[in-house]
Every structure is written in structure tokens, then in C-alpha cells.
Amino acid sequence: MENKKKSYWIIFILFGIVLYSNTIQHNYVLDDYSVIKENRIVQQGIDGLPTIWKTHYRFGYGFQQASLYRPLTLSIFAIQWELAPDQPALAHAFNVFLYCLLGIFIFQFLAKAFGQKQETLAFFSTIIFMAHPVHTEVVANIKSLDELLAACFGFSAYLLLFTYIERKSVKHLIGSLALTMMGFFAKESTVTLVLCIPFILVLLKQTKLISTLKISSLYLIPLLIYLGVRSKVLGKVSGNENIAVLDNLLQAAPDELIRLATAIKILGLYLWKLVFPHPLVNDYSFNQIELVGFSNFWVWISLAAYGILIYFFFKFRKNVPIISFAIAFYLVSLSLYSNLFFTIGTSFGERLLFLPSLGFSIGIAYLLLQIGKNAALDLKKLQPAKPILALFILLVLYSYKTIDRNKAWESNYTLYSTDIKNCDKSARCHYYMGLGYMKEKGMQESNQNQRSIYIQNAIQSFNQAIAILPSYSDAWGQKGLAHYRLNQFKEAEAAYLKSVELSPGNATSYSNLGSLYFQVQQYEAAKNAFEKALKANPNHLDANANYAATLGTLREFERAVFYFKKAIELQPNQANYYQMLGATYQNMGKQQEANYYLQQAARLSQK
């Protein structure tokens with residue numbers, strides 16, 4: 001039996017590698033920048049670990065406030081950076097490794113939960129889960145390590161819980177609680193795995209209700225520890241109360257009925273993406289999904305679909321408890337993202353189907369096995385059987401879609417140039433398409449004519465984003481930067497001013513406006529803009545460095561020294577900051593200090 005299980009494990013490992021090996025050479029994408037590539041605390045490597053555990057999720061990116069606390073995930077990013085600075089291949093390979101490991105954990109969990117006679121069902125369920133194309137965003141996007149970690153800790157905690165139930169071994173229960181707590185520190189969505197425990201015990205282990213409640217209540221301990229630490233760090237337990245329309249289109253609903261109807265319609269879309277995962281798109285923000293009322297046909301289709309699921313849950317809970325568990329796992333793990341009970345920071349995301357898709361996979365596996373009842377799966381000698389043929393066809397289709405979809409995640413440019421035709425109503429899609437044109441194409445292009453064309457394309461994309469959401473401050477700001485790159489200073493200034501009018505706390509737009517004024521030698525105006533940027537975000541790197549340069553130009557050398565040192569504190573390995581600080585000390589007649597910083601600059605330049 002053990003050899004057979006090891007054969008399964010080898011299949012999961014090889015299958016995971018086949019599916020996702022083409023992501024290992026990909027670059028950083030989307031939120032990878034805010035949590036790794038442009039995160040100054042993560043880039044400190046091991047030295048940044050104490051700060052990571054004492055600050056919020058995007059502190060190192062310059063955010064003054066945030067509602068997320070995931071220190072374990074950021075700690076792993078910091079260790080990866082320590083081992084291989086600015087080398088995303090290591091992080092991508094680690095995601096693939098964890099995905100393979102998760103396949104083993106899920107299979108072990110299902111095999112124990114379903115019983116030895118249902119090992120084939122456990123195998124079918126796991127392999128379908130691993131192949132499902134909606135997982136591409138989780139595995140191919142480094143940032144989604146949080147999702148992989150939470151799942152690995154959660155399912156390994158389930159396994160230790162089963163051992164505790166079988167042996168009454170307290171150490172295994174403590175281990176299960178510890179793993180659950182680690183899951184919380186990776187991602188707070190671990191709470192849905194905790195909420196599934198009563199369903200596991202009652203439906204799959206036939207545990208009595210009193211015992212189920214006693215065991216389940218113990219998992220409040222890691223939850224309360226996490227919430228206590230989170231509250232201490234963030235100053236509150238709850239999430240973000242000021243959710244932008246750009247992030248969650250439900251915030252634009254004119255009344256509660258339209259908000260509720262749209263949320264129900266979106267739940268139907270989640271179900272549809274599991275049934276038919278095409279096309280896959282990374283962004284569904286404002287205004288990709290239309291706000292609708294209860295007169296909308298798809299709202300009622302969604303209600304009917306979920307009504308049927310709930311009906312089947314109760315119908316099969318005694319005779320076919322595995323189906324009831326599959327439904328419960330899907331509904332519970334999706335509930336956190338439903339926007340029915342509270343509003344979250346997004347209206348829809350394919351990555352949010354990562355855990356719910358396991359419930360779907362179990363249901364599909366069960367149906368496939370009904371094609372040929374009592375069909376046994378012998379890995380050494382596969383006999384022609386309808387379930388095996390059906391599974392093979394499904395895996396071929398899923399695998400092709402997964403491997404093909406991975407290609408889009410190579411970079412921001414490839415992602416948005418691939419997706420833009422399927423998210424053309426999304427303001428954020430056009431915004432990131434503009435960033436792709438400007439940063440990944442235009443600024444990397446040596447031919448000036450081609451460079452200008454890319455940046456002009458970027459301006460068109462920013463204009464499309466603004467047309468969809470006129471209050472999109474970041475789009476106005478990046479439009480200004482694009483005009484600046486083309487030396488169109490009047491247009492750039494107008495766009496920057498519109499950006500900060502819409503969002504007075506937009507430090508980046510104020511900083512870029514200051515750089516524009518510095519460029520045209522309006523130094524007092526530049527000084528004023530940088531001061532507003534630093535008021536909005538005292539840790540804004542460019543604002544600190546450029547403000548220091550402006551102060552130096554205005555011969556306010558003492559203050560210039562202070563802000564150059566602040567810039568060095570934020571980015572210790574930037575030779576240019578040491579060079580400029582050394583030059584400032586020279587202008588002050590302090591040659592000894594000047595020599596020290598100029599030598600530091602030379603040392604860093606040689607690296």
C-alpha cells in the first residue's frame with residue numbers, strides 16, 4: 001500500500017512540474033513589485049525579518065497604512081532575496097515545488113477522509129485539482145505564495161488532526177494547531193479551512209456533534225493568537241474600511257439591492273469559471289462586470305445554481321456524504337470572497353477559486369467514476385475503462401489550457417497584451433497595459449522613434465483607463481509621466497495636477513510633479529511639490545532623494561544632507577545617493593565627510 005501511495009506522489013510531482021515548469025524563467029508581475037521587487041524591507045533579506053513581523057504587508061513599499069498582515073509570506077520573500085537577489089527564478093521554482101507538495105497533502109487528506117475503498121476517488125480528485133487552469137494565477141504569480149503556503153499548512157494540519165483522532169495523541173493535535181497558526185500568518189484566508197473542520201468531522205469521519213464542537217473550538221486558539229498580533233501591529237482587527245471603486249465595483253452600486261444582485265451574479269460567474277475556464281483574465285475590476293438588478297436573467301440563474309447545490313448538500317449528506325462535503329467545502333471556502341457578508345478588496349478574481357476548486361474537483365471526480373462503477377485503478381496495469389478515458393480527456397484539455405495560459409504570466413506586458421481583448425471594459429487593465437508599453441517596452445527601447453511610439457501607445461491606454469474611470473488618480477499620474485518622457489512638459493504638468501486634485505495623498509504624482517519643475521528650473525515649485533509628496537508619504541524614496549537635490553540646488557545644504565541620508569536609509573545600495581551626499585558635503589566645505597561618502601559611492605559602483 002505504501003509503495004502505491006509513493007507512486008501517486010511521484011505522479012503528482014511530475015505532473016506539477018510538467019504543468020508549471022514553463023513559469024520558472026518568468027519575471028516579476030503585478031503585486032510581485034510591491035511585495036518583492038520594490039519592497040525595501042524585503043530587499044534587506046534576513047536583516048529585514050524583524051521589521052516584517054512588526055509592520056503591515058506593504059510597509060516596505062511605502063504604504064503608510066494597510067489592512068493586511070502576512071509576515072510569514074514576506075519572510076520567505078526576504079530569505080529568497082537574500083539567497084538570490086532580484087532573481088525571480090528561485091521564487092517561481094519554489095511556487096512550483098509547493099504546488100507539487102500541496103498535491104501530495106491534498107491526496108493524503110482525501111485518502112484518509114474518504115477511506116481506503118475510495119482511494120481512486122482521492123486520486124482522481126487531486127489530479128483534476130492540480131490540472132485546473134484557474135490555478136495559473138496562483139502558481140505563476142510569485143505573490144500568491146501566500147495562497148500556496150496557507151493551503152499547505154491547512155491540509156497538513158488536517159492530516160495531523162486525523163492522526164490525533166485515530167491515536168488520541170495530544171502532540172499531533174498541538175502540531176495541527178501550530179500548523180494552522182502558521183497558515184494564518186501566511187494568509188488570513190486560512191480561516192475558511194478552519195470553518196471546514198466541522199464538515200470534515202461530521203460528514204467524513206461521522207464524529208458526534210459534541211465531539212466535533214469540542215475539537216473545532218480548539219482551532220479558535222491559533223485564530224485568536226493571529227488576531228491579537230494583527231491587532232497589535234495594525235492597530236485594528238478589521239480590514240480596510242475605505243475600499244475604492246477601482247478595486248471593488250460593488251462600491252459603485254447606487255443602492256443595496258443592486259449591490260446584492262451583482263454579488264449574486266458574480267457568484268454564478270465563479271461557478272461558471274470552474275465549469276468552463278475560458279477565457280482566463282487576470283483582472284475584473286471596474287467596469288468589467290456590469291452592475292445589475294434583480295431583473296437580470298443571470299442573477300436568477302446563479303440563485304438557482306446555488307439553490308440546487310444547497311439542496312444536494314442536504315439530500316446526500318447521509319447516503320453520499322462525500323458529495324455533501326464537496327459542496328460544503330466549495331461554499332465555505334468561497335464565502336470569504338462572496339461580498340455577501342462583508343465587502344472585501346476585490347469584486348472577482350480567478351485566484352480566489354484556488355481552494356473552492358477542490359470541492360468542484362471532488363464532484364467531477366465522483367461523476368467520472370460513476371461512468372464505470374466499481375472500476376479499479378491499477379497504476380501498474382491500467383485497464384481500458386470509461387472513467388480513465390474520461391479523466392484522460394479532461395486532463396489533456398485542462399493541461400493544455402494551463403500550460404498555454406502560463407505564457408501570459410511572463411511579464412506585465414505579456415499579461416496585459418494577452419488579456420486586454422477580454423478585459424477591455426476594465427480601467428485597471430488599460431492602466432497596466434499603459435505601464436507595459438511605457439516601462440517594459442518604451443524605457444527599454446534604444447531606438448528613439450520606436451521608444452516614442454511605445455510611450456504614445458501608453459498615453460492612449462491611460463486615456464482609455466481614464467475614460468472608464470475619470471477619477472483614476474494613478475492613471476492621470478502615469479499619463480503625466482508618459483508626457484514627461486516625451487518632453488511634453490505642459491501636458492505632463494496638467495495630468496499631474498489632475499492626479500493630485502483627485503487624490504491629494506498621491507505621493508508619487510507629487511514627486512513626479514516636483515521632478516518636472518526641477519527639470520524646467522522652477523526650484524521653489526519643485527520644493528513645494530516634494531514637500532507635499534513627503535507629507536503624504538515620508539518614506540517615498542524618489543521624493544526624499546529629489547527633495548534633497550532641490551534643497552542642494554537652493555543651497556540649503558544642512559537640510560539636503562538630512563534628506564540624502566534618509567534616501568540612503570531607504571535604499572542603502574544606491575551609489576548615486578552617496579555621490580550626491582558627498583558632493584553636498586564638499587559644497588559645505590566638509591571634505592572629510594565628503595571623502596567618506598564619495599568612497600562609499602565608488603565602492604558601490606564597482607559591484
Side-chain angles (χ1 to χ4, degrees), residues 29-35 56-58 61 63 65-70 73 134-138 140-148 150-151 186-192 238-253 258-274 277 279-292 302 332-357 409 412 415-416 419 422-423 425-432 465 468-469 471-475:
V29 177
L30 300 181
D31 286 353
D32 294 347
Y33 284 85
S34 64
V35 298
H56 64 73
Y57 188 54
R58 287 192 170 86
Y61 187 57
F63 280 26
Q65 295 180 331
S67 60
L68 299 178
Y69 181 62
R70 301 170 184 172
T73 303
V134 295
H135 299 169
T136 50
E137 180 172 354
V138 171
N141 189 190
I142 299 172
K143 170 265 166 197
S144 292
L145 172 68
D146 53 7
E147 196 78 58
L148 290 166
K187 190 176 183 182
E188 52 283 323
S189 60
T190 298
V191 70
T192 61
S238 62
N240 188 4
E241 297 172 359
N242 300 310
I243 298 169
V245 169
L246 178 66
D247 296 319
N248 191 326
L249 61 92
L250 295 175
Q251 295 292 85
I258 289 178
R259 183 195 174 283
L260 179 60
T262 306
I264 292 170
K265 173 191 168 185
I266 289 172
L267 285 174
L269 181 58
Y270 276 122
L271 199 54
W272 177 246
K273 284 293 180 181
L274 287 175
L280 294 178
V281 180
N282 77 92
D283 187 273
Y284 292 83
S285 56
F286 188 89
N287 193 26
Q288 187 61 32
I289 299 173
E290 288 185 48
L291 292 168
V292 297
S302 179
V332 171
S333 57
L334 187 62
S335 63
L336 188 66
Y337 311 117
S338 67
N339 282 294
L340 293 178
F341 310 107
F342 48 84
T343 303
I344 63 170
T346 187
S347 46
F348 181 90
E350 290 166 3
R351 68 188 180 281
L352 306 181
L353 281 169
F354 186 64
L355 283 177
S357 66
W409 285 89
N412 276 339
L415 182 61
Y416 280 93
D419 286 1
N422 294 314
C423 61
K425 296 178 183 177
S426 164
R428 181 177 278 134
C429 262
H430 288 290
Y431 171 75
Y432 273 100
I468 295 169
L469 185 63
S471 61
Y472 200 165
S473 174
D474 286 345

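A heavy-atom distance below 4.5 Å is not found between the side chains of Trp409 and Ile142. Looking only at side-chain heavy atoms (C-beta outward), Ser347 and Ile266 come within less than 4.5 Å of each other. A 4.5 Å side-chain heavy-atom check between Val134 and Leu353 finds at least one atom pair inside the cut-off. Between Leu145 and Arg70, every side-chain heavy-atom pair lies at or beyond the 4.5 Å cut-off. Side-chain contact between Asn339 and Arg259 is present, with at least one heavy-atom pair separated by less than 4.5 Å. Residues Ser189 and Glu147 form a side-chain contact, since some pair of their non-hydrogen atoms from C-beta on lies under 4.5 Å apart. Annotation: side chain of Pro277 is not in contact with side chain of Leu274 (no heavy-atom distance under 4.5 Å). A heavy-atom distance below 4.5 Å is found between the side chains of Leu267 and Ser338.
Summarising the geometry, atom CD1 belonging to Ile243 is positioned 10.0 Å from atom CZ belonging to Phe342; distances are rounded to the nearest 0.5 Å. To the nearest 0.5 Å, atoms OH (Tyr61) and OH (Tyr33) are separated by 10.0 Å. We find the CG-CG distance between Leu334 and Leu271 to be 9.0 Å, quoted to the nearest 0.5 Å. To the nearest 0.5 Å, atoms CG (Leu352) and CG (Leu336) are separated by 8.5 Å. Rounded to the nearest 0.5 angstrom, Leu250 CG and Ile258 CD1 are separated by 11.5 Å.
Between the Asn141 side chain and the Leu30 main chain, no donor and acceptor come within less than 3.5 Å of each other. Without hydrogens or angle criteria, Glu350 side chain to His135 main chain gives no donor-acceptor distance under 3.5 Å. Proximity of a side-chain donor or acceptor of Arg428 to a complementary backbone N or O of Tyr284 within less than 3.5 Å is not detected. Thr262 places a side-chain N or O within 3.5 Å of a backbone atom of Val292 that can act as its donor or acceptor partner. For the pair Lys273 (side chain) and Gly349 (backbone), a donor-acceptor distance under 3.5 Å is absent. Listed for the Ser302 side chain is a donor-acceptor partner under 3.5 Å among the backbone atoms of Gly268. A side-chain donor-acceptor contact under 3.5 Å links Asn248 to the backbone of Ile344. Counting only distance, with no hydrogens or angles, the side chain of Thr192 and the backbone of Val332 share no donor-acceptor pair below 3.5 Å.
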Next item on the list: Give the intermediate values and the outcome of side chain to side chain contact (heavy atoms under 4.5 Å, CB included) for residues Leu260 and Lys265.
Entry: CA-CA 9 Å; Leu260 179 60; Lys265 173 191 168 185; over 6 Å; no

Margin query: Thr346 vs Tyr337, test: side chain to side chain contact (heavy atoms under 4.5 Å, CB included). Steps then yes/no.
Written below: CA-CA 8 Å; Thr346 187; Tyr337 311 117; 6.0 Å; no

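Residues Ala427 and Leu469 share a closest heavy-atom pair of CB-CB, 4.0 Å. Residue Gln288 comes nearest to Lys425 through the heavy atom pair OE1-N, 3.0 Å, listed as atom of the first residue, atom of the second, then distance. Of all non-hydrogen atoms in Asp247 and Gly345, the two that sit nearest each other are CB-O, 3.2 Å. Closest heavy-atom contact between Cys429 and Tyr416: O-CD2, 3.4 Å. What you find for Cys423 and Val281 is that their closest heavy atoms are CB-CG1, 3.7 Å.
Inspection of the Glu188 and Tyr69 side chains reveals no N or O donor paired with an N or O acceptor under 3.5 Å. Under the 3.5 Å distance criterion, with hydrogens and angles disregarded, no donor-acceptor pair is assigned to the side chains of Tyr432 and Asn282. Using modelled atom types and a 3.5 Å distance limit, the side chains of Ser426 and Asp283 yield a donor-acceptor pair.
By the 4.0 Å N-to-carboxylate-O rule, Arg58 lies close enough to Asp31 to be salt-bridged with it. Taking 4.0 Å as the cut-off between side-chain N and carboxylate O, Asp32 and Lys143 do not count as a salt-bridged pair.
In this structure, the ring of Tyr270 has its center less than 6.0 angstrom from the ring center of Phe348.
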